[in-house]
Protein chains: 2
Amino acid sequence: MRASDRAYALLRDEILEWQLAPGTILGEVEQSTRLGISRTPLREALARLTADGLVETQAGRGLVVADASIDSVAELFEVRLPLEQEAAALAARRRNPHVFEQLRREMADATTLLADPRRHAYYELVRRFDEAMDDAVQNTYLVTALRGLRTHLARIRRLAHDNPARLSAAASEHLLIIDAIIAGDESLARSATAVHLHQSLRNILDTAQAPSTDRTA
Amino acid sequence: MRASDRAYALLRDEILEWQLAPGTILGEVEQSTRLGISRTPLREALARLTADGLVETQAGRGLVVADASIDSVAELFEVRLPLEQEAAALAARRRNPHVFEQLRREMADATTLLADPRRHAYYELVRRFDEAMDDAVQNTYLVTALRGLRTHLARIRRLAHDNPARLSAAASEHLLIIDAIIAGDESLARSATAVHLHQSLRNILDTAQAPSTDRTA
DNA sequence: TATCGCCATACTGTATACACATCCCTGAGT
DNA sequence: ACTCAGGGATGTGTATACAGTATGGCGATA
């Protein structure tokens with residue numbers, strides 16, 4: 001693997017996991033030294049992160065980790081809703097039923113996966129669901145747009161907390177979306193997606209650490 | 001201006017204007033020599049173009065200009081419709097009326113602008129309309145997604161042809177969208193956007209050079 | 001004659017050196 | 001004491017050199 005790829009993946013992870021806080025200055029010399037590579041591949045990594053919107057050029061200070069707060073989650077969902085709805089509708093139209101029937105079986109068993117306190121298997125299942133959607137949609141522009149949103153969502157999600165009850169409910173919502181896709185019911189796919197995103201947003205806002213003002217622990 | 005910026009802007013223009021055909025191999029040495037810069041800034045430009053989706057890595061051949069054909073325009077509009085609709089609705093909700101009232105006056109005069117056979121002023125007006133929308137929407141994620149789509153649309157548009165009749169009709173459609181935004185009518189903004197995109201797509205498909213099969217001149 | 005293997009070449013990926021701009025700190029003058 | 005100018009240091013942008021890898025051609029052998 002290329003050094004620039006490793007640098008990109010590492011910095012991306014660190015930003016998404018808030019190990020690099022918003023506003024952190026990303027000096028080329030400092031970061032390349034830290035990662036044990038030269039400035040050339042590091043610059044390439046920073047360029048990609050900038051294109052992703054995870055890094056911004058702040059006048060005078062050079063590149064900094066892009067700002068992010070719970071306030072932007074509403075903005076994010078404003079775009080996510082129409083895109084995920086369209087994706088679900090297109091998936092319902094073009095899906096391979098077998099793929100989603102398999103996912104349906106696994107999602108119906110989600111309770112089992114949620115027994116694990118780390119919930120690794122559950123998140124992996126959701127990831128495979130997203131992947132199956134991307135594949136079924138057969139629209140590279142849509143998938144590209146959704147990927148960008150998911151990146152930012154992953155970062156902001158870290159400010160909120162999942163609990164087993166919410167994840168169990170989310171699994172049920174996913175199940176309905178999958179049913180709609182299998183049935184080829186575009187209208188239901190849109191509605192079920194709207195429901196899921198609504199509940200997801202509510203959970204994030206309800207469990208979020210307070211924005212701007214310090215939380216009173 | 002940085003050399004990498006110039007290289008990016010130039011290559012981007014050449015790709016959008018089909019001076020660099022899809023599949024063209026972009027060798028680093030060849031291109032950096034042609035543009036009179038070293039490989040370092042050229043690589044940065046190519047990285048940005050890759051992020052834009054205008055350049056792809058083709059296994060074995062390195063970087064090539066991304067494929068594009070009239071076939072992908074349907075895909076493009078599948079994403080464009082929900083995004084532009086949401087943008088129009090948000091703009092109707094958050095707009096500054098004065099900005100759009102000014103645009104309305106100019107758009108109502110579009111016939112005058114269309115007298116110029118190069119239609120420079122007309123395209124400039126449409127560009128300012130898009131800009132006003134982006135500003136009114138107040139959602140960076142949505143604007144980013146739309147910008148990406150517009151880039152690809154600009155490239156594919158070159159395969160079709162505008163005529164004065166179509167542009168005049170398009171101006172009327174824009175006018176209705178602007179009216180809806182000024183009135184704060186989100187529903188009408190969505191519908192008027194759907195109408196405009198439908199007609200726009202139809203025009204592109206009707207006037208497009210034949211896809212895949214050679215046109216019989 | 002066809003296929004396999006080897007060698008030369010070309011190109012990408014990385015490191016490093018250099019040029020230029022900018023910002024901050026210090027010192028002197030008002 | 002405050003301000004402005006100069007200089008040093010730090011950092012980005014670009015060029016170039018070097019290393020490693022992959023590819024294409026050519027030759028030899030079956």
Side-chain angles (χ1 to χ4, degrees), chain A residues 1-16 19-68 140 144 147 151, chain B residues 1-16 19-68 140 144 147 151:
Chain A
M1 190 187 258
R2 299 184 301 177
S4 61
D5 289 335
R6 277 186 289 113
Y8 170 75
L10 182 61
L11 288 171
R12 187 176 185 278
D13 279 354
E14 289 181 341
I15 292 172
L16 292 186
Q19 291 163 23
L20 284 173
T24 304
I25 297 174
L26 298 169
E28 295 179 6
V29 180
E30 178 188 350
Q31 294 300 320
S32 61
T33 305
R34 181 170 74 91
L35 301 185
I37 59 178
S38 76
R39 283 177 53 218
T40 309
L42 181 86
R43 279 175 66 93
E44 196 173 315
L46 289 177
R48 289 173 66 184
L49 291 167
T50 304
D52 288 344
L54 294 175
V55 165
E56 297 171 339
T57 66
Q58 200 169 81
R61 269 169 222 212
L63 293 175
V64 301
V65 176
D67 194 45
T140 54
T144 301
R147 291 240 170 89
T151 299
Chain B
M1 188 187 259
R2 299 184 300 178
S4 61
D5 289 335
R6 274 186 290 113
Y8 171 74
L10 182 61
L11 288 172
R12 187 176 184 278
D13 279 354
E14 290 181 340
I15 292 172
L16 292 185
Q19 290 163 22
L20 284 173
T24 304
I25 296 174
L26 297 170
E28 295 179 6
V29 179
E30 179 188 350
Q31 295 300 321
S32 61
T33 304
R34 181 170 74 91
L35 302 185
I37 60 179
S38 75
R39 283 177 54 218
T40 308
L42 181 87
R43 278 175 67 94
E44 196 173 313
L46 290 176
R48 289 172 66 184
L49 291 167
T50 305
D52 288 344
L54 293 176
V55 165
E56 297 170 340
T57 65
Q58 200 168 81
R61 275 174 216 208
L63 293 174
V64 301
V65 176
D67 194 45
T140 53
T144 302
R147 291 240 170 89
T151 299

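Below, chain A is the first sequence line, B the second, and so on; all start at residue 1.
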Applying side chain to side chain contact (heavy atoms under 4.5 Å, CB included), name anything that partners [X], two or more places apart in sequence or on another chain.
{"X": "A:Ser38", "result": "A:Thr40, A:Pro41"}
{"X": "B:Thr24", "result": "B:Leu20, B:Ala21, B:Val65"}
{"X": "B:Glu44", "result": "A:Arg43, B:Arg2, B:Ser4"}
{"X": "A:Thr57", "result": "A:Leu63"}

Within residues 51-61 of chain B or reaching into it, pairs that qualify as salt bridge (Lys or Arg N to Asp or Glu O under 4.0 Å) - sequence neighbours excluded: none

Starting at atom [atom1] of [X], determine the distance to atom [atom2] of [N], rounded to an integer number of angstrom.
{"X": "B:Leu26", "N": "C:dT12", "atom1": "CG", "atom2": "C1'", "value": "14 Å"}
{"X": "A:Leu63", "N": "D:dT12", "atom1": "CG", "atom2": "C1'", "value": "10 Å"}
{"X": "B:Met1", "N": "D:dT14", "atom1": "CE", "atom2": "P", "value": "11 Å"}
{"X": "B:Gln58", "N": "C:dC11", "atom1": "CD", "atom2": "P", "value": "16 Å"}

Sequence-aligned protein contact record of nucleotides 5-10 of chain C, with B where the base is within under 4.0 Å of a protein heavy atom and S where only the sugar-phosphate is: ------

Taking only residues two or more places apart in sequence or in another chain, which ones pass salt bridge (Lys or Arg N to Asp or Glu O under 4.0 Å) with [X]?
{"X": "B:Arg6", "value": "none"}
{"X": "A:Arg34", "value": "A:Glu14"}
{"X": "A:Arg12", "value": "none"}

Between CG on residue B:Asp13 and OH on residue B:Tyr8, distance to nearest 0.5 Å: 9.5 Å

Residue-level proximity of residues 40-50 of chain B to DNA chain C when a heavy atom falls under 4.0 Å: B:Arg43

Close approaches to DNA chain C from residues 27-38 of chain A, in residue order (heavy atom, under 4.0 Å): A:Ile37, A:Ser38

B:Thr151 versus B:Leu16, closest heavy-atom pair with distance: O-CD2, 3.4 Å

Report all interatomic pairs (protein N or O, nucleotide N or O of nucleotides 19-26 of chain D) with separations under 3.5 Å.
none

Below 4.0 Å: OP1/OP2 of C:dT14 and any side-chain N or O of A:Ser4: yes

Donor-acceptor pair (no angle test) under 3.5 Å: A:Arg39 side chain, D:dG13 base: yes

